[in-house]
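First comes the structure, then the notes that go with it.
Just so you know, these numbers come straight off a predicted model, no measurement behind them.
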Amino acid sequence: MQQMIIINLDSLNLATDLLRNIDLSSENVYFNDGVTASKIVGFTIHYEDFEANGMLQTIERKYTLELSNSDNLTYWFHGGQIKTMPRMVKNPSDYPLSIPVEISKYMF
């Protein structure tokens with residue numbers, strides 16, 4: 001049984017754990033930017049290495065969602081809030097949607 005998950009900026013703090021462990025090639029996971037929903041086709045974790053007290057440590061610093069419309073969303077958490085790299089939200093008529101407009105307008 002296929003299921004569909006739709007996430008947005010408000011749910012990224014919870015969805016990040018899901019995105020780490022899900023096979024995006026076989027699941028239907030979408031990102032809704034408030035205008036349209038785009039299928040998430042990839043998830044990248046950006047790490048930062050640093051030395052502290054003679055020990056090398058690696059931490060997750062940023063995350064990138066690769067979207068089906070050739071767009072990316074890079075985000076990170078700072079002080080309990082989500083921050084994103086600037087991006088232009090496109091008009092839905094500028095590219096074909098993987099979800100029909102009739103359904104997309106009811107997405108939350």
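With side-chain heavy atoms closer than 4.5 Å counting as contact, directly or through intermediates, the hydrophobic cluster containing Phe50 also holds Ile59.
Paired with Ile7 under the rule side chain to side chain contact (heavy atoms under 4.5 Å, CB included), one option of Asp10, Leu9, Ile5 passes, and it is Ile5.
Under the rule for a side chain to side chain contact (heavy atoms under 4.5 Å, CB included), the partners of Lys83 that lie at least two apart in sequence or sit in another chain are Trp76, His78, Gln81. Here Glu60 pairs with Arg20 under the salt bridge (charged side-chain N to carboxylate O under 4.0 Å, His left out) rule; sequence neighbours left out. With sequence neighbours left out, Asn28 forms a side-chain hydrogen bond (donor to acceptor under 3.5 Å, both in side chains) with Gln2, Lys39. Shown here are the salt bridge (charged side-chain N to carboxylate O under 4.0 Å, His left out) partners of Glu48, two or more places apart in sequence or in another chain: Arg61. Not counting sequence neighbours, the partners of Thr58 by the side chain to side chain contact (heavy atoms under 4.5 Å, CB included) test are Tyr47, Asp49. Partners of Thr74 by side-chain hydrogen bond (donor to acceptor under 3.5 Å, both in side chains), not counting sequence neighbours, listed by chain and number: Thr64. With sequence neighbours excluded, no residue forms a side chain to side chain contact (heavy atoms under 4.5 Å, CB included) with Asn21. Considering only residues two or more places apart in sequence or on other chains, Leu24 meets the side chain to side chain contact (heavy atoms under 4.5 Å, CB included) condition with Leu19, Ile22, Val29, Ile40, Phe43. In terms of the ring-ring contact (aromatic ring centres under 6.0 Å, His included) criterion, residue partners of Tyr75 (sequence neighbours excluded) are, by chain and number, Tyr63, Phe77.
Counting only residues at least two apart or in different chains, salt bridge (charged side-chain N to carboxylate O under 4.0 Å, His left out) contacts with residues 50-59 are absent.
Within the model, atoms OG1 of Thr36 and CZ of Phe31 stand 11.0 Å from one another, a figure rounded to the nearest 0.5 Å.
Side chain of Asp23 to main chain of Ser25: a donor-acceptor pair is present (N/O by atom type, distance under 3.5 Å, no hydrogens or angles).
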Verdict with reasoning, Leu12 to Leu65, per side-chain contact (heavy atoms from CB on, under 4.5 Å): CA-CA 10 Å; Leu12 276 176; Leu65 299 178; 4.1 Å; yes
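Residues Glu66 and Thr44 approach most closely at OE2-OG1, 2.8 Å, considering heavy atoms.
Linking Ile, Leu, Val, Met, Phe, Trp and Tyr residues whenever their side-chain heavy atoms come within less than 4.5 Å leaves Val41 and Ile45 in two separate clusters.
Put simply, the side chain of Thr84 reaches to within 4.5 Å of the side chain of Leu73, judged on heavy atoms.
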